[in-house]
Amino acid sequence: MFKIDLTERFPLLSRAPIIEAVLGVTARAQAPWEEAAISEQFKHLLTPSYPVVQSNRRISHQITLGVATQAEQRTSEEGWQGLRCQSEDALHIAQFNRDGFTFSRLNPYLDWDHFLSEGMRLCRIYRDVADPADMQRVGLRFINRIELPNDEEAKLSDFLENPPKPPREMDVPFHGFLHHNTLAIVGTPYLVNVIQTVQLEQAMERWFVILDIDVSTTEPIVNWSSLEKHLEEMRWLKNKAFFGSISSKTLEMIK
């Protein structure tokens, strides 16, 4: 039976294709979520590492269509939701809302230790300010972007372990595709979503494979002290999905 093995080691990549790594926690705040007080607390705890702070406000749009009347559009503000905080170099983005927080590290991604350390620090700050009862969902997402060689003879099977195939008797080149697998890890509280697609930069005539891997929990986490262990297991699943999705040729390209 498939089991998580944290002793397994994966190749170290000198050209890791990660363009964004995201840690997200869904958790309902129990503390009063008032803009002035909450903003002051977060700004005090996050300065100077996140000097750019913006308020998030939810705005809804409603369009009413009538047979004999002109369409009417109404916009209403639903109030303050939280804060969006950004580091000076714009590589770290943290969002704190009533319903949880997210932390993103943009390209260039450093390594897991740096990402985990900052993510855990922000999680503790959110817990201390928002005072949520539990974590209803934890998500770990890594978006990878792998540039393909400019070779007319190249095939998707050269780069992906299980590439999509055209319909029978239609052996023609792909112009694009979107493939989504959802894997339930039996005996664990995890789901793994693996999305594969291609992206064209028309200006440069360059093709990229996008490998988007999202690992999430399927049940609430009550014990906040267990979060780091969950994240380590989720990271292992992410690595297992990534290295199991790329070919040996792709691995040589990004080593």
Side-chain angles (χ1 to χ4, degrees), residues 1-13 16-28 95 99-105 109-120 122-124 126-127 132-146 156-157 159-165 177-198 209-248 250-251 254:
M1 189 175 72
F2 181 82
K3 292 184 178 180
I4 294 174
D5 179 11
L6 295 181
T7 64
E8 182 176 1
R9 293 294 177 261
F10 297 94
L12 294 176
L13 303 177
I18 299 166
I19 59 172
E20 185 174 7
V22 184
L23 166 61
V25 173
T26 302
R28 185 69 176 178
Q95 298 194 63
D99 297 325
F101 94 95
T102 59
F103 164 58
S104 296
R105 166 70 195 200
Y109 175 80
L110 297 178
D111 56 47
W112 172 252
D113 289 339
H114 283 88
F115 178 74
L116 178 64
S117 175
E118 182 63 1
M120 289 297 298
L122 295 174
C123 183
R124 287 189 288 268
Y126 175 77
R127 179 196 61 193
D134 56 25
M135 291 170 280
Q136 299 164 14
R137 180 188 181 275
V138 175
L140 191 64
R141 183 182 182 188
F142 280 73
I143 304 173
N144 301 273
R145 189 170 184 253
I146 303 169
L156 285 172
S157 56
F159 308 102
L160 294 175
E161 190 65 27
N162 294 297
K165 296 180 180 180
F177 73 93
L178 177 65
H179 191 89
H180 184 181
N181 285 332
T182 299
L183 311 172
I185 311 303
V186 178
T188 77
Y190 305 122
L191 281 178
V192 180
N193 282 281
V194 181
I195 296 176
Q196 299 178 15
T197 188
V198 289
V209 164
I210 305 298
L211 191 53
D212 185 345
I213 302 173
D214 180 86
V215 184
S216 61
T217 57
T218 58
E219 57 189 46
I221 299 175
V222 177
N223 188 353
W224 287 77
S225 64
S226 68
L227 176 59
E228 188 166 343
K229 180 178 183 297
H230 281 288
L231 290 174
E232 291 286 0
E233 292 177 342
M234 295 164 74
R235 181 222 183 187
W236 184 90
L237 287 167
K238 181 271 298 184
N239 282 336
K240 199 71 172 173
F242 175 80
F243 288 103
S245 297
I246 63 174
S247 68
S248 56
T250 300
L251 181 58
I254 60 180

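Any value given below was found using the heavy atoms of this structure, including those in side chains, with hydrogens, waters and symmetry copies removed.
- The closest side-chain heavy-atom distance from Leu183 to Leu237 is not below 4.5 Å.
- Between Leu23 and the choices Thr102, Leu227, Val138, the side-chain contact (heavy atoms from CB on, under 4.5 Å) rule is met once, by Val138.
- Contact record, Glu161 with Ser247: OE1-CA, 4.0 Å, taken as the closest heavy-atom pair.
- Of the inter-residue distances, the one linking Lys240 atom NZ with Ile4 atom CD1 reads 11.0 Å to the nearest 0.5 angstrom.
- Side-chain contact between Gln196 and Phe177 is present, with heavy atoms from C-beta onward closer than 4.5 Å.
- Side chains of Glu118 and His114 form no contact here, defined as non-hydrogen atoms less than 4.5 Å apart.
- With sequence neighbours excluded, the residues satisfying side chain to side chain contact (heavy atoms under 4.5 Å, CB included) with Asp214 are Arg137, Arg141, Asn193, Ser216.
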*asked:* Evaluate Leu211 against Phe159 for side-chain contact (heavy atoms from CB on, under 4.5 Å), listing each step before the verdict.
replied: CA-CA 11 Å; Leu211 191 53; Phe159 308 102; over 6 Å; no
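- Inter-residue side-chain proximity for Arg105 and Leu110 is flagged as met; some heavy-atom pair is nearer than 4.5 Å.
- Residue Leu12 qualifies as open at atom CG: its count of foreign heavy atoms under 6.0 Å is 12 or below.
- Taking the six-membered ring for Trp and the full ring otherwise, the centers of Tyr109 and Phe142 sit less than 6.0 Å from each other.
- Expressed to the nearest 0.5 Å, how far CZ of Phe10 lies from CG of Asn239 amounts to 5.0 Å.
- Considering only heavy atoms from C-beta on, Ile143 comes within 4.5 Å of Ile210 through its side chain.
- Rounded to the nearest 0.5 Å, atoms CG (Asp134) and CD (Glu219) are 11.5 Å apart.
- From Leu156, atom CG reaches atom CG of Asn162 across 12.0 Å, with rounding to the nearest 0.5 Å.
- Interatomic distance, Asn144 CG to Lys238 NZ, rounded to the nearest 0.5 Å: 7.0 Å.
- The main-chain N or O of Tyr190 is never found under 3.5 Å from a side-chain atom of Thr217 such that the two would form a donor-acceptor pair.
- Scanning all heavy atoms of the two residues, the minimum distance from Pro189 to His230 falls at CG-CE1, 4.3 Å.
- The two residues Leu231 and Met120 come nearest to each other via the heavy atoms CD1-SD, 3.9 Å.
- Proximity of a side-chain donor or acceptor of Tyr126 to a complementary backbone N or O of Val25 within less than 3.5 Å is not detected.
- With a 4.5 Å cut-off on side-chain heavy atoms, Trp224 and Cys123 count as touching.
- Within the model, atoms CG of Leu116 and CD of Glu228 stand 4.5 Å from one another, a figure rounded to the nearest 0.5 Å.
- No side-chain heavy atom of Pro132 sits less than 4.5 Å from a side-chain heavy atom of Phe101.
- For the pair Leu140 and Met234, the tightest heavy-atom approach, listed with the atom from each and the gap, is N-CE, 3.8 Å.
- With contacts defined as side-chain heavy-atom distances shorter than 4.5 Å, the pair Leu13/Phe242 qualifies.
- Using the six-membered ring where Trp is involved, Phe2 and Trp236 have ring planes that are tilted, between 30° and 60° apart.
- Residues Val192 and Ala241 come closest through the heavy atom pair CG1-CB, 4.2 Å.
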